[in-house]
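Lettering of chains follows the sequences in order, A, B, ..., and the numbering in each one begins at 1. Just so you know, these numbers come straight off a predicted model, no measurement behind them.
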Amino acid sequence: MMDNPVNRTRNDDESGYDPSAVEGKWQQAWLDRRTNTTDVAAAPDPFYALMMFPYPSAEGLHVGNLFAFVGADVYGRFQRLQGHNVFEPFGYDAFGIHSENYALKVGKHPMDLIPQNIANFGRQVARAGLMVDWSKSVDTTNPDYYKWTQWVFLQLLRQGLAYKKQAAVNWCPSCKTVLANEQVIGGACERCDTPVEQRFLSQWFFRISDYAGRLLANLDGLDWSETTKTAQRNWIGRSEGAQISFAVRKNGADHTIPVFTTRPDTVFGATYLVIAPEHPMVASLTSGVYRSAVDQYLARSAKQDLVTRKSNTEKTGVFTGAHAINPATGQEIPIWISDYVLMEYGTGAIMAVPGHDERDFEFAKVFGLPIVRVVCAEGAEPSEPLDEAFTENERGIIVNSGRFDGMTVSTARREIMKMLDEKDAGHPVVNYRLHDWCISRQRYWGPPIPIIYCDDCGAVPVPEKDLPVVLPFVEDFKPDDSGVSPLARHEDWYRVPCPQCGKMSRRETDVSDTFLDSAWYFLRYPSVGIDEAAFDSRITKKWLPVDSYIGGNEHAVLHLLYSRFVTMVLHDMGMLEFEEPFTRFRAHGLIIRNGAKMSKSKGNVVIPDQYIEKWGADAFRTYLMFLGPFEEGGDFRDASISGVKRFLDRLWASVTSAVDLSASNGAHDPDVTRKLHQTIRKVGDDIPKLSYNTAVAAMMEYMNVLRRGERSPSRAEVEPLVRMVSPFAPHIAEELWEKLGHTESVFDTGWPSFDQSLAVAERIDLVVQVNGKTRGKLSVAPDISQEDAVAAVMNEESMSKFLGGMPRKVIFVPGRLLNLVG
RNA sequence: GCGGGAGUGGCGGAACUGGUAGACGCGCUGGACUUAGGAUCCAGUGGAGCAAUCCGUGGGGGUUCGAGUCCCCCCUUUCGCACCA
């Protein structure tokens with residue numbers, strides 16, 4: 001690739017700016033002077049600036065990681081310059097299938113691999129000049145940390161929010177392992193291409209769905225990126241509808257099948273019911289001659305993996321032989337089984353209204369079931385047969401529905417609900433698509449779930465005093481065919497006495513989901529080093545909730561939702577005073593390279609180390625923040641870094657020449673002063689908005705004014721610039737600040753003060769339009785009156801000639817624009 | 001299919017509540033200093049035209065004195081979710 005950053009050598013100029021020397025010096029100085037260490041107990045004005053901790057991959061830091069971290073660091077450093085005691089911690093999310101698979105691939109043990117990766121990440125993060133407080137770091141694989149992850153599990157259990165149930169998982173029969181949905185590609189294992197099967201395993205779940213309403217409602221009050229909030233709203237998926245009961249007579253006894261629908265107004269058109277293959281009533285509903293067909297269908301759908309099943313397009317199904325009574329029409333309708341109905345949503349059963357639901361329509365076509373129209377477009381013929389499902393409900397009129405005929409959909413909805421309610425056959429309900437959170441992983445590389453199974457006492461939680469349940473070092477951590485974790489092969493580990501009765505029992509051998517590790521790490525950071533609790537209440541009260549959280553939108557619905565859930569639960573238990581963990585969250589964008597996505601296979605991945613070596617961390621950081629709007633991401637182009645480097649070179653030259661001016665304030669130029677104050681305002685406005693690219697541009701503009709006409713700037717003109725640039729380029733800022741004669745860190749000196757009166761221009765360009773077209777501009781005092789402005793324009797032949805007379809109408813925007821309409 | 005974005009010079013990208021479109025940077029052109037320039041500095045740089053001027057923010061309508069910005073209809077693109085009843 002022609003733009004390999006390392007194949008060009010710089011011949012360094014005489015200016016004396018050597019980024020690697022300056023950066024090395026200050027990185028060491030920050031450590032020696034404990035510049036970035038926050039006194040969490042004493043800090044009078046705490047500000048918690050959080051970035052998403054990374055998974056420490058073997059490849060090292062990706063430029064996308066660094067983009068996010070630097071963006072968070074700029075914000076944190078800015079807040080510090082505003083006078084806050086900023087706490088900016090860093091850690092590692094090092095458990096999980098990703099690490100485990102990589103270890104398997106390279107034939108090493110994760111317990112050996114992870115510390116190396118962490119060391120490498122730490123080195124890279126430090127080299128990038130992040131303002132990290134290294135005294136408070138977190139590594140999720142450290143027993144000192146996951147002891148408390150296990151403790152969090154026990155709290156949920158205590159609250160009745162953790163439970164165990166059978167659930168389907170994807171199973172690769174060749175790799176002999178459970179796969180996450182993302183690892184199933186087109187129904188096959190992503191690694192070996194073997195068709196994936198469904199298995200039913202007993203697993204631990206958290207009742208996050210109990211919190212669905214609150215998780216949704218609280219979003220309105222959060223200062224978060226709208227994109228993230230929207231993603232969470234969709235994920236939680238609230239829908240209002242009704243639960244309607246269909247009566248079934250079976251073997252002389254009466255049963256009901258509850259269904260969920262968002263369209264109770266169409267109940268007269270429900271011509272059959274469909275239940276999911278996993279529905280508990282399948283066996284009892286199936287009668288004699290239909291049994292073998294049903295069994296066949298169940299076997300077939302059980303073999304299918306979960307991903308393909310959901311993407312099946314042609315409808316399949318089987319009749320149970322049973323019928324139910326439609327509570328509206330009183331008619332008997334058949335009960336079918338089909339995999340297009342999902343057990344996880346609603347009640348696992350639906351009333352099928354083929355006339356007004358596309359999926360039901362398709363199914364009815366395949367199996368020749370009756371299709372009845374109950375909603376009609378206004379003015380259309382109700383007897384007209386349907387050739388597709390009519391799903392429009394805004395302006396529909398109810399037909400074929402007895403006394404409800406002629407009502408609008410919304411009226412009928414209300415009236416039909418009332419009728420069903422009177423018959424005790426239906427009531428309004430709110431349904432969420434959010435499922436309970438399955439946290440069991442049949443894997444090795446995670447915190448063991450702290451449960452012991454006793455034949456007499458059942459599932460017994462490990463007493464808190466016995467935590468952590470340490471993950472043992474085992475040579476063979478490869479998953480096998482058993483459907484349980486590799487830990488289940490280590491009897492010496494899992495055989496333990498029951499904590500309640502002492503009888504020999506068996507540990508839970510599954511480990512917990514990585515997302516549980518990351519669902520509470522922000523609570524731990526300020527309390528790192530405290531052994532008595534997961535989080536110290538006094539320190540937590542001081543530092544939490546998090547003031548600013550910056551991270552990727554790929555975690556919009558998992559990590560960010562789980563963290564909110566765990567926080568809410570701990571709040572409900574009285575352990576936290578707040579129920580939302582992140583006061584403000586901003587999602588950053590994605591970095592692409594030369595207009596294309598970065599990928600290892602394309603060989604176009606930016607390796608930060610190389611760039612930092614060539615250009616320096618300051619130039620690299622500043623470039624990352626300059627290449628595009630932070631919240632949208634941008635296009636990384638090697639050729640463009642030079643512009644930022646030039647800016648830093650000029651900054652260096654300007655300041656060092658200003659220093660030579662000795663104690664005097666040097667030249668005073670009102671244009672420069674005005675630009676300076678405009679820049680202070682602009683940069684101070686832009687950074688809190690994360691509009692880093694325009695903040696850098698504004699400083700470049702100021703630099704251009706500062707150096708116009710080969711003048712030597714004064715100390716008063718450069719000192720504020722050094723402070724403004726410091727969040728982006730902290731090393732050069734510290735060095736120049738020192739050269740300017742200061743002894744304290746530039747980050748402890750505050751933000752430059754802004755003076756409105758110095759920012760105001762003496763003359764402005766008033767835009768002159770004639771009939772809405774721009775015809776020129778007028779250099780005038782900012783407070784010129786409309787009359788004076790019009791008179792001035794009429795005197796200017798070059799503008800007034802477009803009018804040809806007196807204006808009929810004048811639009812005057814003071815200090816900005818004059819539009820004459822003829 | 002549903003939901004969220006995004007379409008502006010050769011390129012990355014600016015443009016506050018509608019008010020000089022193209023800030024800033026890259027690249028490019030010319031010049032200065034130079035043995036040299038991949039260093040630095042100066043000037044220029046949306047398109048057409050000698051010029052006055054005209055045309056320009058994905059396409060088509062509309063509102064307005066005035067639209068990149070607001071409204072309606074399309075097109076393209078990208079990212080989520082995807083049989084959610």
Taking only side-chain N and O atoms of N771(A), does any of them lie within less than 4.0 angstrom of OP1 or OP2 on G66(B)? no
Geometric cation-pi criterion, K315(A) with Y340(A): 6.0 Å, 45°: yes
Among U20(B), A85(B), A14(B), which nucleotide sits nearest the side chain of D765(A)? U20(B)
Donor-acceptor list for residues 689-698 of chain A side chains, cut-off 3.5 Å, not counting sequence neighbours:
from	atom 1	to	atom 2	distance (Å)
S691(A)	OG	T694(A)	OG1	2.6
Y692(A)	OH	G71(A)	O	2.8
T694(A)	OG1	D686(A)	OD2	2.8
T694(A)	OG1	S691(A)	O	3.0

What interatomic distance, in whole Å, is found between C1' of G10(B) and the corresponding atom of G5(B)? 26 Å
Is the distance from OP1 or OP2 of G38(B) to the nearest side-chain N or O of S642(A) less than 4.0 Å? no
Which residue is it: V70(A), V644(A), L624(A), I687(A)? I am looking for the one with a side-chain contact (heavy atoms from CB on, under 4.5 Å) to F728(A). I687(A)
Which one, G19(B), U53(B), G27(B), comes nearest to the side chain of F802(A)? U53(B)
Testing U53(B), C41(B), G66(B) for proximity to the side chain of R707(A), the answer is C41(B)
Using the side-chain heavy atoms of A697(A), tell me which of these nucleotides is nearest: U20(B), A85(B), A23(B). A23(B)
Exactly one of F67(A), F626(A), Y611(A) should register a ring-ring contact (aromatic ring centres under 6.0 Å, His included) with F636(A). Which one does? Y611(A)
Rounded to whole angstrom, note down the P distance from A6(B) over to A85(B). 27 Å
Check the phosphate of A23(B) against K682(A), side-chain N and O only, distance under 4.0 Å to OP1 or OP2. Yes or no? no
How far does the C1' atom of G59(B) sit from the matching atom of G7(B), given to the nearest Å? 12 Å
Can you find a side chain N or O atom of R263(A) that sits less than 4.0 Å from OP1 or OP2 on A85(B)? no
If each of G346(A) and F636(A) is mapped to the nucleotide of RNA chain B with the nearest heavy atom, which maps nearer the 5' terminus, i.e. the 5' end? F636(A)
